[in-house]
Structures are given as structure tokens and as C-alpha cells.
Amino acid sequence: MATGQAARSTRTIVIAGVPAGLLQDDVMADILTIHFQMSRNNGGDVEEVTYPTWNEGVAYITFEDQEVVESVLKKEQHLLQDKRLPRSYPLTVTRCCDSVFLCVTSTLNVALFRHHFVLEDLVEEMKKQSPDLNFGPLQPDGQIAVQGSFPALRVLREFLLLKAKSLSEEGKREGKSHQKPRKKLQEHRGAVETRNSWNEHREKQVLVLDTDIYLYMKCFFPKKLQANDAVISGVTDGDITTVCIESAGREAGAARRSRAKEIIESCSVELQKILRKERICLKEQSRGEKQRYKQLCERLKARYPGLLILPYDTHIDVVGTSADVFAFREEVRRLSR
């Protein structure tokens with residue numbers, strides 16, 4: 001059955017941006033069917049429309065012919081138009097096999113650069129640096145909303161950290177040029193040097209990961225988060241987990257920490273390419289229904305050993321390959337009716 005579902009997923013596309021709450025669900029499903037059957041939209045015969053789904057504004061369209069998927073994806077822009085809708089709505093269309101981790105929205109505060117750069121110029125530089133990201137308007141207090149994939153946001157973050165570091169080093173150099181020579185306390189010199197040497201060995205390597213990627217890695221690739229003579233720890237804050245890599249002993253050097261960071265980073269990038277996440281929303285469910293969903297997911301988990309099931313009070317997150325998540329979703333939907 002799972003094999004059949006995997007084959008079916010190759011004939012399925014994921015639609016984001018469906019206007020939720022405007023019409024009855026069956027009416028919206030009918031509008032989506034018409035849109036993706038029309039030749040002007042590069043469409044073809046639709047086998048099934050899955051709407052609504054666990055994610056608001058997201059629908060699945062399964063075509064009878066896999067070639068239609070390729071044709072639909074070639075269209076530059078899909079605008080959902082119908083006389084029953086108040087206006088046209090742009091849709092984001094991806095193949096079901098693609099990674100569809102939802103876009104991350106982050107609010108950046110660039111006010112600290114105000115005394116060194118014209119902020120508007122800095123934002124333009126950020127846009128050139130990260131063309132795949134969407135930038136909101138720059139606010140008077142220096143805050144700006146940025147939306148895009150997690151890897152793209154991470155690259156932008158590294159870019160800004162480098163700029164901040166260069167300003168910090170410049171400030172230190174300027175500060176030292178104005179400092180008067182200070183008399184050293186000879187009796188503490190040895191202890192200070194020893195402490196500085198130890199602090200150098202304890203220097204951290206830090207990287208930021210998508211929390212779901214981190215949890216998947218921790219569950220299925222625990223050795224990636226282990227290293228000789230290094231302590232690797234993760235601090236989770238919502239959708240983001242900060243991983244710290246520091247030396248466990250005085251003999252471990254920066255090269256080993258860097259190597260551990262490279263291994264984790266490489267694994268994260270590869271998982272980002274092949275994994276997808278779906279969320280089963282339980283907000284409107286009673287306590288009994290929530291428990292039933294959680295038990296059902298736990299029971300099905302054995303049939304999908306590559307899936308990570310993350311139960312929370314208001315939802316259940318399912319993380320895995322596209323085929324597994326698709327098949328799992330179909331089974332949960334069928335068995336929960």
C-alpha cells in the first residue's frame with residue numbers, strides 16, 4: 001500500500017495560498033479542480049483534490065497523468081480566478097516530492113548598524129545578497145520582516161553577523177589606540193595566561209538549525225551530533241535550535257570543532273532537501289479526539305520507521321520523506337473518518 005501511495009505522490013502537486021474561509025470547502029475544491037483542468041493553466045484530468053488539509057490554505061491536487069504535473073509546474077504564475085471569488089489569488093505550486101517545509105518569517109533588527117550604514121542601503125545590499133528572500137518595509141525602529149526558506153535565512157544571518165563582527169573589531173582597534181599603557185600585575189600573569197589558553201580551547205562553534213531538522217537528526221542520525229573531544233548541545237527556541245560545539249578537553253583544537261560543525265551542517269542541508277513536514281491540527285478537537293489521533297499516529301508509526309512523529313497539545317507534526325508523509329497522511333485521514 002505504501003508503495004502505491006509513493007507512486008501516487010509523483011502525480012500530486014502541493015498548492016499553497018488557497019484563500020481559506022471565503023467559501024464552503026467543497027466549493028473551493030471545485031474551483032481548484034476547474035483551475036487545474038484548464039488548458040490555459042497547463043492542466044489536465046484531475047483524479048482527486050484534497051482540501052482542506054492539516055495546513056490552512058494548502059491543498060493537494062492529484063492528476064491522472066504524471067506528465068501533467070510537469071506541465072503545470074512550468075507555468076510561471078497560477079492565479080486562482082472564479083466569479084465566486086472576490087478577486088484573483090496567486091498560488092504557489094510545488095511537486096509533492098519537493099521539500100515543503102513552510103516558509104520561515106523572521107523579524108530582523110538592523111538598528112545597531114544605524115551609526116555605520118544608511119539602513120536603506122544596507123537593506124538593498126541584503127536583498128542582493130539573498131535574492132530568494134522576501135523583505136517587508138523597513139520600519140522606523142530599524143526592524144524589517146524577512147520571509148523565505150530556512151537555509152536562505154541562515155545565509156543572511158551569517159552575512160549580518162560578519163558585518164557586526166567587522167564593526168566590533170574596528171571598534172576594538174580604535175579603542176586600543178586611545179588606551180594608556182597599564183602596569184601588569186606580575187603575580188597574576190601566569191594564572192591569566194593559563195586561563196586565556198584554556199578559554200581558547202573552550203571556544204565555541206555555533207550554528208543554527210531548523211528545529212524539526214535537528215530533532216530528526218537527533219532521532220535518526222545521533223552520531224552526527226557526537227564527536228570525540230567535543231561537547232555538542234542544542235538549545236531550542238520555537239522553530240530554531242542553536243547548536244553549540246565546544247571542546248571537552250584541553251587537547252581538542254579549533255580544527256575538530258570546525259569539523260564537527262561541517263558534519264552537522266552538511267547533514268542538515270541534505271535533510272532539508274529530502275524531508276517535508278505536515279501538521280495535524282488538533283485545536284478544534286476535544287480531549288478524547290486528541291487522544292484518539294495521537295494513539296492512531298503511534299499505532300501507524302511502526303509501519304513508517306523513517307517518520308518522526310512529534311505530538312504536542314494543539315497539533316501533531318509529521319516529518320519524513322515526501323512519500324512516507326504522503327502515505328501516512330492518507331492512512332490517518334482514512335482511519336480517522
Side-chain angles (χ1 to χ4, degrees), residues 1-85 88-103 273-281 293 296-297 300 303-304 306-307 316-337:
M1 177 176 171
T3 303
Q5 292 288 7
R8 187 167 179 267
S9 71
T10 63
R11 296 185 284 111
T12 301
I13 56 175
V14 185
I15 314 301
V18 179
L22 293 180
L23 303 170
Q24 295 292 329
D25 293 339
D26 58 340
V27 175
M28 185 59 70
D30 181 57
I31 292 173
L32 288 169
T33 301
I34 294 171
H35 176 91
F36 286 100
Q37 282 182 335
M38 296 178 72
S39 57
R40 73 179 186 188
N41 296 321
N42 296 356
D45 291 335
V46 172
E47 179 181 300
E48 183 183 16
V49 174
T50 303
Y51 183 83
T53 63
W54 295 332
N55 298 321
E56 185 174 298
V58 174
Y60 293 90
I61 311 292
T62 301
F63 295 100
E64 294 182 2
D65 189 343
Q66 185 179 342
E67 291 182 2
V68 179
V69 170
E70 306 303 324
S71 176
V72 166
L73 291 172
K74 287 178 181 177
K75 185 174 174 60
E76 289 188 5
Q77 185 180 38
H78 283 272
L79 285 175
L80 190 63
Q81 297 173 319
D82 190 276
K83 62 183 180 182
R84 291 166 285 186
L85 293 172
S88 60
Y89 293 86
L91 301 176
T92 301
V93 182
T94 59
R95 68 177 77 246
C96 187
C97 298
D98 285 347
S99 169
V100 289
F101 276 92
L102 298 181
C103 284
K273 292 177 183 176
I274 65 172
L275 296 181
R276 64 181 288 136
K277 178 177 80 171
E278 287 230 21
R279 175 166 292 177
I280 306 175
C281 187
Y293 266 103
L296 175 59
C297 289
L300 291 175
R303 298 177 60 176
Y304 300 90
L307 280 184
I316 301 171
D317 283 342
V318 183
V319 182
T321 64
S322 179
D324 278 352
V325 171
F326 187 85
F328 184 85
R329 174 182 68 83
E330 291 297 291
E331 282 209 65
V332 171
R333 189 177 65 159
R334 179 175 61 85
L335 294 174
S336 62
R337 287 173 179 169

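Remember, predicted model here, so these are calculated numbers, not experimental data.
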Novice: Working to the nearest 0.5 angstrom, can you tell me the gap between D324 CG and L307 CG?
Specialist: 4.5 Å
Novice: Can you list everything that forms a side-chain contact (heavy atoms from CB on, under 4.5 Å) with I34? Sequence neighbours excluded, please.
Specialist: D30, M38, R84
Novice: Working to the nearest 0.5 angstrom, can you tell me the gap between E47 CD and T12 OG1?
Specialist: 7.5 Å
Novice: May I ask you to test the I61-Y51 pair for a side-chain heavy-atom distance under 4.5 Å?
Specialist: no
Novice: Suppose we screen for side-chain contact (heavy atoms from CB on, under 4.5 Å). Which residues come up paired with Q81, at least two apart in sequence or across chains?
Specialist: R40, L79, S88
Novice: Indicate yes or no: at least one non-hydrogen side-chain atom of L335 is less than 4.5 angstrom from one of L300.
Specialist: yes
Novice: What is the minimum heavy-atom distance between C297 and V332, and which atoms define it?
Specialist: SG-CG2, 4.4 Å
Novice: Might you work through the side chain to side chain contact (heavy atoms under 4.5 Å, CB included) test for L85 and L23, ending with a clear yes or no?
Specialist: CA-CA 8 Å; L85 293 172; L23 303 170; 3.7 Å; yes
Novice: So which atom in Q66 and which in T10 form the shortest heavy-atom distance, rounded to 0.1 Å?
Specialist: CG-O, 3.5 Å
Novice: My understanding is that only one of T92, V58, I31, L32 makes a side-chain contact (heavy atoms from CB on, under 4.5 Å) with V18; could you say which?
Specialist: L32
Novice: Taking only residues two or more places apart in sequence or in another chain, which ones pass side chain to side chain donor-acceptor pair (under 3.5 Å) with H78?
Specialist: H35
Novice: Considering non-hydrogen atoms only, spot the tightest contact between M28 and P19 and give its length.
Specialist: CE-O, 3.4 Å
Novice: Does the side chain of R329 come within less than 4.5 Å of V318's, by heavy atoms?
Specialist: no
Novice: Looking at A20 and G57, what are the two nearest heavy atoms and their distance?
Specialist: CB-N, 4.4 Å
Novice: Considering non-hydrogen atoms only, spot the tightest contact between G17 and Y89 and give its length.
Specialist: O-CB, 4.5 Å
Novice: Might you point out which heavy atoms bring K277 and R279 nearest each other, and give the distance in Å?
Specialist: NZ-NH2, 3.7 Å
Novice: Hey, mind stepping through V93 and K75 against side chain to side chain contact (heavy atoms under 4.5 Å, CB included) and telling me if it holds?
Specialist: CA-CA 9 Å; V93 182; K75 185 174 174 60; over 6 Å; no
Novice: Sequence neighbours excluded, which residues qualify as side-chain contact (heavy atoms from CB on, under 4.5 Å) partners of V68?
Specialist: F63, D65, V72
Novice: Among all residues two or more places apart in sequence or in another chain, which pass the salt bridge (Lys or Arg N to Asp or Glu O under 4.0 Å) test with E64?
Specialist: none
Novice: Could you tell me the separation between the CD1 atom of I280 and the CG atom of D317, rounded to the nearest 0.5 Å?
Specialist: 9.0 Å
Novice: Hey, what do you get for OG1 (T321) to OH (Y304), rounding to the nearest 0.5 Å?
Specialist: 10.5 Å
Novice: Report the residues that fulfil side-chain contact (heavy atoms from CB on, under 4.5 Å) with T33, sequence neighbours left out, ordered by chain and then residue number.
Specialist: Q37, V46, V49
